[in-house]
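Take a look at the structure below.
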Amino acid sequence: MLLVAGAGMAGLCAAAWARQLGDEPVVLEKGPRPGGSMLLSSGVVWRYRSFEEFRAQCPTGDERLQRLVFDRLDEGLEWLESLGAPVLERETGNPLTEGVRFDTAGLTDALTRAAGEVRFEQPGTDPGTDPGDPLVLATGGFQGDPELVGRYVKPAAPLRLRANPWSTGDGLRLALARGAALSEGLDEFYGRNMADVEFGDDEFVSLAQVFGRYSRIFNDDGEEFFDHTAVSWSELDLVQATAHQPGARAWYLFDEEALDERVRYGSVRDLVAQAPTRTHAADLPFTPPQRAVVATRVAAAITHTIGGLRIDDRARVLDDRSTPIDGLYAAGVDAGGISTGGYASGLASALVLGLTAAESALS
Ligand SMILES: Cc1cc2nc3c(=O)[nH]c(=O)nc-3n(C[C@H](O)[C@H](O)[C@H](O)COP(=O)(O)OP(=O)(O)OC[C@H]3O[C@@H](n4cnc5c(N)ncnc54)[C@H](O)[C@@H]3O)c2cc1C
C-alpha cells in the first residue's frame, strides 16, 4: 500500500494514479482541506514550446528530469481531463509556452475523488506514520518555514508567504534524516513582488505586481539595483534580487512614457492606478530620477522553493552517492532542481512526477 504525504497537486496525482494501477493508497494531509497551493493557484499547467527553450530558460536544471516533465505532460493533461477536471482555457497567452488552464476547485475535487482515502490534519511525515510501506513525499516545499528559508534562500529580511501555510519543509526534514541529498538551486525560489501591504490568500494573484520591467527599480536606500531592460519574462530574477535588498523590498519608478506602455489588458498606467502602494515621486524617501512621476512599493513574496530533494527520473530520493533510498519517493516542490536557473510550471512537474512516483513505488 502506497502512503502519500500531502494532498496537493503532486500527492493527489500520485494517489489517483496508484489507484488506477490497482493499489489502495492512503493520503495523509497536514492541513484541513485538500488542494494545497494548487487550489490557490491560477491553474495553468504548462511547458515551454520546445525542449530547447526549456533548457535555455532553466539552464542549470537537471536535464533528465526536465526531459521527463516535458515528454509526459500531454499524457498527464489528458489524464486530468479524463478524471473530469474542468478546463477553462487551452492557451497560456504567452508565446513561449503552451498548456491548459484548469478551474482549480474542480481540479481539486476531481483528483480528491480519484485519490480515494484522504485523511486530514494528519501529517504524513510523523515518525509513527512509517510502517514500512513506500512513501511519496509531496509536502510542497519549505517556503512556509522562515528558518529553512533563512538558511537556504538567505533573504535580507523575512519573505512574505504567497502559498498554503502548511508546506514547512516536513518532507525535506524526513528525507534528510534518512540520508537524502539536496538538489542544486537551494537559494532559488518562485514568487512574486507583491504590493507591500498585508494580503490574504484571495489576493495572491490580484496584488502581484508583475510589471517591474516597465519601471526603473530602486531599493529603500535609493540604489538602482536591477537593470529593468534585463528583467526576464517571468520577473523571477527581479523577485529573487529584491529578496536580497534591505527589507526585501523595492520601489518601481515610472515616467510618462512607461505609463503609456500597453500590457495584455490595458496599459501600465491602469496597473499602477490599482496598486495600493502607489506614491508620488516627490514623496519618495530618496531623490528619484528627474522624469519619474509615480512609484509603487513592492515586497518579495515566496510561492515555492526551487531547490529540494535530489531525485532520479523515477522520482526516487537519492543519497549523496546517487543511490536510491529504499521506499522513499518525492514529487512536486519537494523534488528539487528541475527549474533551476529560471522558472517552469510547478503544476506540470507536480503532475508528471506524481504519476512517475506512483509507478515507481508500485513496480
Ligand atoms: C497564487 C498562486 C498562483 C500559482 N499559479 C500557478 C500556475 O498558474 N501554474 C503553475 O504551474 N503553478 C502555479 N502555482 C504554483 C503551484 O501551485 C505549485 O507549484 C503546486 O501546487 C506544487 O504542487 P505540490 O503538490 O508540490 O504542492 P501543493 O499543491 O502545495 O501541495 C502540498 C500539500 O502538502 C501538504 N503538507 C505539507 N506538509 C505535510 C505533511 N507533513 N504531511 C502531509 N501533508 C503535508 C500541504 O498542506 C499541501 O496540501 C501558483 C501558486 C500560487 C500560490
Side-chain angles (χ1 to χ4, degrees), residues 3-15 26-47 69 73 88-89 92-94 97 99-104 107-108 111-112 115 118-127 129-130 135-145 160-175 189-192 194 199-208 210 234 301-306 308-309 330-336 338-339 343-354 357:
L3 271 181
V4 179
M9 183 67 170
L12 290 175
C13 288
V26 174
V27 183
L28 302 174
E29 164 57 47
K30 186 179 178 181
R33 60 149 180 87
S37 291
M38 177 251 284
L39 181 66
L40 310 172
S41 79
S42 305
V44 188
V45 191
W46 59 271
R47 70 173 168 213
V69 173
L73 188 62
L88 297 177
E89 269 180 285
T92 62
N94 177 346
T97 65
V100 172
R101 184 159 77 90
F102 289 93
D103 169 70
T104 57
L107 175 60
T108 302
L111 279 170
T112 306
V118 183
R119 299 183 198 154
F120 295 102
E121 302 192 42
Q122 199 173 329
T125 48
D126 285 351
T129 58
D130 176 26
L135 174 65
V136 177
L137 297 171
T139 70
F142 61 84
Q143 59 279 353
D145 183 300
R160 304 288 184 83
L161 185 63
R162 184 180 175 267
N164 85 72
W166 306 290
S167 293
T168 55
D170 296 344
L172 188 87
R173 285 196 192 83
L174 179 146
F189 68 96
Y190 162 58
R192 291 284 182 228
M194 301 289 285
F199 52 81
D201 60 15
D202 55 341
E203 294 166 309
F204 284 172
V205 175
S206 61
L207 288 183
V210 197
S234 65
I302 185 166
T303 301
H304 62 69
T305 39
I306 285 181
L309 297 170
V333 180
D334 281 351
I338 299 165
S339 61
Y343 172 49
S345 168
L347 292 173
S349 51
L351 165 61
V352 168
L353 282 163

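Order of listing sets the numbers, starting from 1, for every ligand and every atom in it.
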Considering heavy atoms of the protein only, find what lies nearest to atom 8 (O) of ligand 1 and give residue, atom and distance to 0.1 Å.
V44 N, 3.1 Å
What do you reckon, does S349 put a non-hydrogen atom under 4.0 Å from ligand 1?
no
For atom 52 (C) of ligand 1, the protein heavy atom that lies nearest, with its residue and separation:
T303 CG2, 3.6 Å
Polar atom proximity, D334 to ligand 1 (N or O, under 3.5 Å)
no
At under 4.0 Å between heavy atoms, is it the side chain or the backbone of H304 that contacts ligand 1, or both, or neither?
side chain
Nearest-neighbour protein heavy atom for atom 12 (N) of ligand 1, which is reported as residue plus atom name and distance
L347 CG, 3.5 Å
Measure the acute angle between the ring planes of Y190 and H304, then classify it against the limits of 30° and 60° as parallel, tilted or perpendicular.
tilted
Before signing off on this row, confirm whether A10 and ligand 1 have an N or O atom pair separated by under 3.5 Å.
yes
Where ligand 1 meets T125 - atom numbers and elements under 4.0 angstrom, heavy-atom basis
40 (C), 41 (N)
Report yes if some heavy atom in the side chain of S37 is under 4.5 Å from a heavy atom in the side chain of N164; otherwise report no.
yes
Please report whether ligand 1 has a polar contact with P123, defined as an N or O pair separated by less than 3.5 Å (distance criterion only).
no
Please check this pair: side chain of S345 against backbone of R47, looking for a donor-acceptor N/O pair closer than 3.5 Å.
no
Candidates A330, S41, G43; heavy atom nearest atom 4 (C) of ligand 1 found on S41
If you scan protein heavy atoms around atom 30 (O) of ligand 1, the nearest is S37 N, 2.8 Å
Does a side-chain heavy-atom distance below 4.5 Å link L347 with S41?
yes
Can you tell which of T168, L351, T139, D201 gets a heavy atom nearest to atom 40 (C) of ligand 1?
T139
So which of G144, G6, A138 gets nearest to atom 32 (C) of ligand 1, if we judge by its closest heavy atom?
A138
Ligand 1 to V333, heavy atom cutoff 4.0 Å, flagged ligand atoms 22 (C), 26 (O)
Does an N or O anywhere in Q122 fall below 3.5 Å from an N or O of ligand 1?
no
Does ligand 1 have any atom that is closer than 4.0 Å to a heavy atom of V45?
no
Going by heavy atoms in the side chains, are D145 and L172 under 4.5 Å from each other?
no
For atom 46 (C) of ligand 1, tell me which residue out of K30, E203, E121, E29 has the closest non-hydrogen atom.
E29
Does any N or O in the side chain of R101 come within less than 3.5 Å of the main-chain N or O of L88, such that one atom is a donor and the other an acceptor?
no
Looking at ligand 1, does any of its N/O atoms fall within less than 3.5 Å of an N/O of A331?
no
Between ligand 1 and M38, is the shortest N or O to N or O distance under 3.5 Å?
yes
